[in-house]
Amino acid sequence: FPTRRSSDLKKEVIIVRANDATVAKLYELVKHINDATSIRAYQSVDNECVVFPNDEDDKSFVESLLTERGFEFRVEGALD
């Protein structure tokens with residue numbers, strides 16, 4: 001099987017949006033992601049956070065967590 005090195009993957013970030021009612025749950029999730037995984041997530045302004053998945057598996061994992069919890073998110077290319 002050909003494998004893809006992490007340097008071959010397009011670097012992407014996940015931008016997550018909460019509202020005033022769900023922002024506390026989002027920030028709890030950010031803390032959990034940082035404490036329990038190698039994925040980095042940071043609180044941003046305006047009820048948002050930014051998640052930096054390490055690879056496609058991380059990205060899929062985070063997307064499923066966010067979908068299960070009903071958060072809006074988008075995937076964008078990361079700046080180098």
Side-chain angles (χ1 to χ4, degrees):
F1 294 99
T3 58
R4 296 179 80 185
R5 295 178 308 208
S6 60
S7 60
D8 293 337
L9 295 173
K10 185 173 85 171
K11 293 180 184 175
E12 295 179 318
V13 296
I14 301 170
I15 312 286
V16 188
R17 180 98 186 165
N19 58 41
D20 290 339
T22 60
V23 70
K25 290 197 179 297
L26 177 60
Y27 292 164
E28 287 175 21
L29 183 60
V30 166
K31 181 175 177 359
H32 176 71
I33 288 171
N34 284 327
D35 291 347
T37 72
S38 64
I39 302 167
R40 296 297 94 200
Y42 301 96
Q43 296 175 22
S44 184
V45 295
D46 297 330
N47 297 347
E48 290 187 342
C49 80
V50 180
V51 182
F52 295 85
N54 298 306
D55 55 28
E56 285 297 318
D57 291 334
D58 286 353
K59 182 179 148 198
S60 295
F61 170 72
V62 170
E63 288 174 339
S64 68
L65 278 178
L66 297 170
T67 300
E68 286 173 7
R69 287 162 175 77
F71 288 109
E72 294 179 31
F73 64 91
R74 67 186 184 277
V75 178
E76 295 185 358
L79 301 175
D80 287 329

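The model shown is predicted, which means the values in this text are computed figures rather than measured ones. Each residue takes its place number in the sequence, starting with 1.
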Closest non-hydrogen atom pair between [X] and [Y], with its separation:
X	Y	value
Ala41	Val51	CB-CG2, 4.0 Å
Val16	Phe73	CA-CB, 4.1 Å
Ile33	Arg40	O-NH2, 4.4 Å
Cys49	Leu26	SG-CD1, 3.8 Å

As an exercise, state the distance from [atom1] of [X] to [atom2] of [Y], rounded to the nearest 0.5 Å.
X	Y	atom1	atom2	value
Thr22	Phe71	OG1	CZ	5.0 Å
Ile15	Glu48	CD1	CD	6.5 Å
Arg17	Arg74	CZ	CZ	8.5 Å

Contact check, side chains of [X] and [Y], non-hydrogen atoms, under 4.5 Å:
X	Y	answer
Leu66	Leu29	yes
Phe52	Asp58	no
Ile14	Val50	no
Glu56	Glu12	yes

* Just do the side-chain contact (heavy atoms from CB on, under 4.5 Å) check on Glu63 and Val75 with the steps written out, would you? => CA-CA 9 Å; Glu63 288 174 339; Val75 178; 3.3 Å; yes
* Among all residues two or more places apart in sequence or in another chain, which pass the salt bridge (Lys or Arg N to Asp or Glu O under 4.0 Å) test with Lys25? -> none
Side chains of [X] and [Y], donor plus acceptor under 3.5 Å:
X	Y	value
Asn54	Ser38	yes
Asn47	Asp20	yes
Asp57	Ser60	no

* To do: Please check if atom OH in Tyr27 has more than 12 non-hydrogen atoms from other residues, nucleotides or ligands closer than 6.0 Å.
  => yes
* Asked: Should we count CD of Glu72 as having more than 12 external heavy atoms under 6.0 Å?
  ->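 Incorrect, the count does not exceed 12.
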* In sequence, state the C-alpha distance, the side-chain angles, and the governing distance for Lys59 and Asp55, and then conclude on salt bridge (charged side-chain N to carboxylate O under 4.0 Å, His left out). => CA-CA 6 Å; Lys59 182 179 148 198; Asp55 55 28; over 6 Å; no
